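Predicted model, so just to flag it, every value in this text is computed and none were measured. We're numbering straight along the sequence, starting at 1.
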Amino acid sequence: MQAIILAAGMGRRLGDYTKDNTKCMVSVNGVRLIDRLLGQLAKQQLNRVIIVVGYKGKELRDYIGNRYDGQLNIEFAENPVYDKTNNIYSLAIVKDKLQEDDTLLIESDLIFSERLIPMIVNNPYPNLALVAKYETWMDGTMVRLDEEQNIVNFISKDAFDYNDVDSYYKTVNIYKLSKQFSLQKYVPFLDAYTKAVGNNEYYENVLRIISLLNNHDMKALPIEQEKWYEIDDKQDLDIAEALFADEKDVLRKYYGRYGGFWRFPQMLDFCYLVNPYFPSRRMKDELRANFDTLLTEYPSGMKVNTLIASKCFGVSEPYIVPGNGAAELIKVLMEESQGKIGFTRPTFEEYPNRYDKHQQVTFVPQNEDYRYTADDLMAFFGDKGIRQLMVINPDNPSGNFIPKNDVLRLAKWCEDKGIRLVIDESFVDFSEDYAHNSLLSDETLEAYPHMAVMKSISKSYGVPGLRLGILCSADKDMIAHIKKEVSIWNLNSFAEFFMQIYNKHEKDYQRACDKFVKERADFERQLRQIPFFRVMPSQANYFLCEVLPPYSASEIVIYMLKQHNILTRDCSKKPGLDPNKQYMRIAVRNHEDNTRLVEGLRAITAK
């Protein structure tokens, strides 16, 4: 068996990365694609490797040089018109060699698991394409399979239909072609096709024509959960570096993305904190039905969106400001704040990160579960001269919760002392008896005009992609000031429409919250059965867990990511947590996902 690597393309979409080198010379986590590929091929018993070069071909030849002598017999072929042709011509250049041996045909801009080459080499079928179930990031050639894994059609870009994606597989661009197939089918059709259509085409088009003959020459081998990526642009390179990061860098690569994990559709995300049971299907259907209009029309300005937010959340217009996520409002609020501010740690770091650290007064609960009460806060901050007190309720990551009556006692205490109390209740709808725990009402706000209430709609309403948050207070001057500080079009049309229709779906939301509370209780029961976890009580949609010896938090997080494609959060370095202990924060998802996580954790103790 031999391998043919197509490496003639210019890789324009990679910009500066391919200014002086062809695509396969790009590095992923410090290793060039060509070195990774040749290293994988060197583990096979190959008669030779033929690399078709073009753009910056001399540089590639010089780089490879004699580095693989004794491991691989490497030959080169050149596409001199790489800038005027496509990969069909690169393959046509070596068509004679294609007919001399069974061939692995591989494109050079791929990065993939070490298991893929043995998977295709050892499979008994002589003509085989590695394929992956369609995912949103994929572009290029798609195929359809029958029940026996025969490729029955190659789907061109022009024929691609989003209504059919459930039946599509993407070619991984690694093929095994038998010598007989190349002699009798592929090369004759290749010659005819290039004569009729030209050389600025793709070699898959020839396979598509052969597949239409209904003789099932080509089988597909789905790669299931094996990792791979095709690197065409800078974003592809960024994702590939996360997928194939070394253990020492993998968490930094993922955590540093701050979301966008839909680009890793097979991964379960137990880091980001959203309601797993809302929006309902009915609400999503309504959003989908209005997609075209919402995408192509301008959203309303601040005045109209304030009115809609007022209707949606039951707070008068002068008391509420909607934001492009709570993050936008947090930034303005903290910039507007003055004097010393009291914080409780561990907590959501976005607030203290936005304020002068020399003006921060920090309270850390002195107990192993990081529990604290309104009385604890009043006792600690009473003589600290603070102008503002920040309370996340329930707190993040501890899940600590102060009941509403006690929050109101704290609010009265702050009123008497002239302290602005900011309550972030982004997770309050996950608490037991949630319907009576919110502070969002005119009556409550007016009773405590020194109090402001922040709420991220992403969390409890399960819509982080909309970027929606609200800040409410009877301090009308403060609210009016913040409205002036944010953009007049700070909300997109989808967020606006969500608020417009929410009240029609409010009963579904209440059912979702009820369902969540029951699921959290069951998940807590399962987590407490993990022998290396000490699970802290929570009224939010996550649990803070102390990781007990002999394991460390990073060890478990990396294991779960590498072995089970589940991302969890290592909180061990979070300010306020005991630096001598190890901690993880685990989000609560739906029952199926939670069970999968628990099964992965149990597998650690079974090792």
Ion pair present between [X] and [Y], side-chain N to carboxylate O less than 4.0 angstrom?
X      : Y      : answer
Lys95  : Glu100 : no
Glu328 : Arg467 : no
Lys331 : Glu350 : no
Asp249 : Arg252 : yes
Asp232 : Lys23  : yes
Asp102 : Lys179 : no
Lys170 : Glu135 : no
Arg144 : Asp164 : yes

Which atom pair, heavy atoms only, marks the closest approach of [X] to [Y]?
X      : Y      : result
Leu41  : Leu46  : O-CD1, 3.8 Å
Val463 : Ile457 : CG2-O, 3.9 Å
Ala129 : Ile151 : CB-CD1, 3.9 Å
Ile174 : Ile117 : CG2-CD1, 4.4 Å

Enter the distance from [X]:[atom1] to [Y]:[atom2] here, rounded to the nearest 0.5 Å.
X      : Y      : atom1 : atom2 : answer
Met1   : Thr103 : CE    : OG1   : 7.5 Å
Ile50  : Ile5   : CD1   : CD1   : 10.0 Å
Leu105 : Ser182 : CG    : OG    : 9.0 Å
Leu212 : Ile209 : CG    : CD1   : 7.5 Å
Ile586 : Arg569 : CD1   : CZ    : 12.5 Å

Q | Pair Leu221-Ile223, side chain to side chain contact (heavy atoms under 4.5 Å, CB included): steps then yes or no | A | CA-CA 6 Å; Leu221 178 59; Ile223 64 172; 5.8 Å; no
Check this for me: [X], atom [atom1], are more than 12 non-hydrogen atoms of other residues, nucleotides or ligands nearer than 6.0 Å?
X      : atom1 : answer
Tyr272 : OH    : yes
Asn122 : CG    : yes
Phe76  : CZ    : yes
Arg115 : CZ    : no
Asp161 : CG    : yes
Gln180 : CD    : no
Trp489 : CH2   : no
Arg67  : CZ    : yes

Answer yes or no: is there a side-chain heavy-atom contact under 4.5 Å between [X] and [Y]?
X      : Y      : result
Asp62  : Glu59  : no
Lys253 : Tyr255 : no
Leu207 : Met218 : yes
Leu468 : Leu491 : yes
Pro222 : Tyr169 : yes
Gln225 : Gln266 : yes
Met560 : Leu601 : yes
Tyr229 : Ile239 : yes

Q: Without swapping roles, check the side chain of Asn29 against the backbone of Phe244 for a donor-acceptor pair under 3.5 Å.
A: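 Yes, because the side chain of Asn29 sits within donor-acceptor range (under 3.5 Å) of the backbone of Phe244.
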Q: Would you confirm whether Arg596, through its side chain, and His564, through its main-chain N or O, come within 3.5 Å as a donor-acceptor pair?
A: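 Answer holds: yes.
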Is it the case that [X] and [Y] place a side-chain donor and acceptor less than 3.5 Å from each other?
X      : Y      : result
Asn79  : Thr85  : yes
Asp570 : Ser554 : no
Ser493 : Glu297 : no
Asp233 : Tyr17  : no
Asn173 : Thr171 : yes
Asn150 : Lys219 : yes

Q) Run the ring pair (Phe, Tyr, Trp, His ring centres under 6.0 Å) check on Tyr186 and Tyr203 step by step: do they pass? A) CA-CA 10 Å; Tyr186 190 80; Tyr203 66 79; 7.3 Å; no
Q: Dump the intermediate steps for side chain to side chain contact (heavy atoms under 4.5 Å, CB included) on Ile556 and Gln582, then the final yes or no.
A: CA-CA 11 Å; Ile556 294 173; Gln582 294 284 296; over 6 Å; no
Q. Looking at Phe270, does the NZ or CZ of Arg589 lie under 6.0 angstrom from its six-membered ring centre and within 45 degrees of the ring axis?
A.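 Verdict for Phe270: a cation-pi partner in Arg589.
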Q.
Cation-pi check for Tyr63 against Arg32: NZ or CZ below 6.0 Å from the six-membered ring centre and within 45 degrees of the axis, yes or no?
A.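 Yes.
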Q. Under the ring-ring contact (aromatic ring centres under 6.0 Å, His included) rule, what pairs show up with a residue in residues 111-136, not counting sequence neighbours?
A.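 As it turns out, the ring-ring contact (aromatic ring centres under 6.0 Å, His included) pairs with a partner in residues 111-136, which skip direct neighbours, are Tyr134-Phe160.
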Q. How would you list, by chain and number, every residue that makes a salt bridge (charged side-chain N to carboxylate O under 4.0 Å, His left out) with Lys562, sequence neighbours excluded?
A.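 Salt bridge (charged side-chain N to carboxylate O under 4.0 Å, His left out) list for Lys562, sorted by chain: empty.
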All side-chain hydrogen bond (donor to acceptor under 3.5 Å, both in side chains) counterparts of [X], not counting sequence neighbours:
X      : value
Lys133 : none
Asn353 : none
Gln149 : none

Q. Side chain to side chain contact (heavy atoms under 4.5 Å, CB included) between Asn87 and Val52: does it pass, once the steps are laid out?
A. CA-CA 10 Å; Asn87 63 19; Val52 183; over 6 Å; no
Q: May I have the step-by-step check of side chain to side chain contact (heavy atoms under 4.5 Å, CB included) for Val557 and Leu251, ending in yes or no?
A: CA-CA 8 Å; Val557 170; Leu251 297 184; 3.2 Å; yes
Tabulate below the donor-acceptor pairs under 3.5 Å that side-chain atoms of residues 193-200 make, not counting sequence neighbours, or state none.
{"from": "Tyr193", "atom 1": "OH", "to": "Glu201", "atom 2": "OE1", "distance (Å)": "3.3"}
{"from": "Tyr193", "atom 1": "OH", "to": "Asn205", "atom 2": "ND2", "distance (Å)": "3.1"}
{"from": "Thr194", "atom 1": "OG1", "to": "Leu190", "atom 2": "O", "distance (Å)": "3.0"}
{"from": "Thr194", "atom 1": "OG1", "to": "Asp191", "atom 2": "O", "distance (Å)": "3.1"}

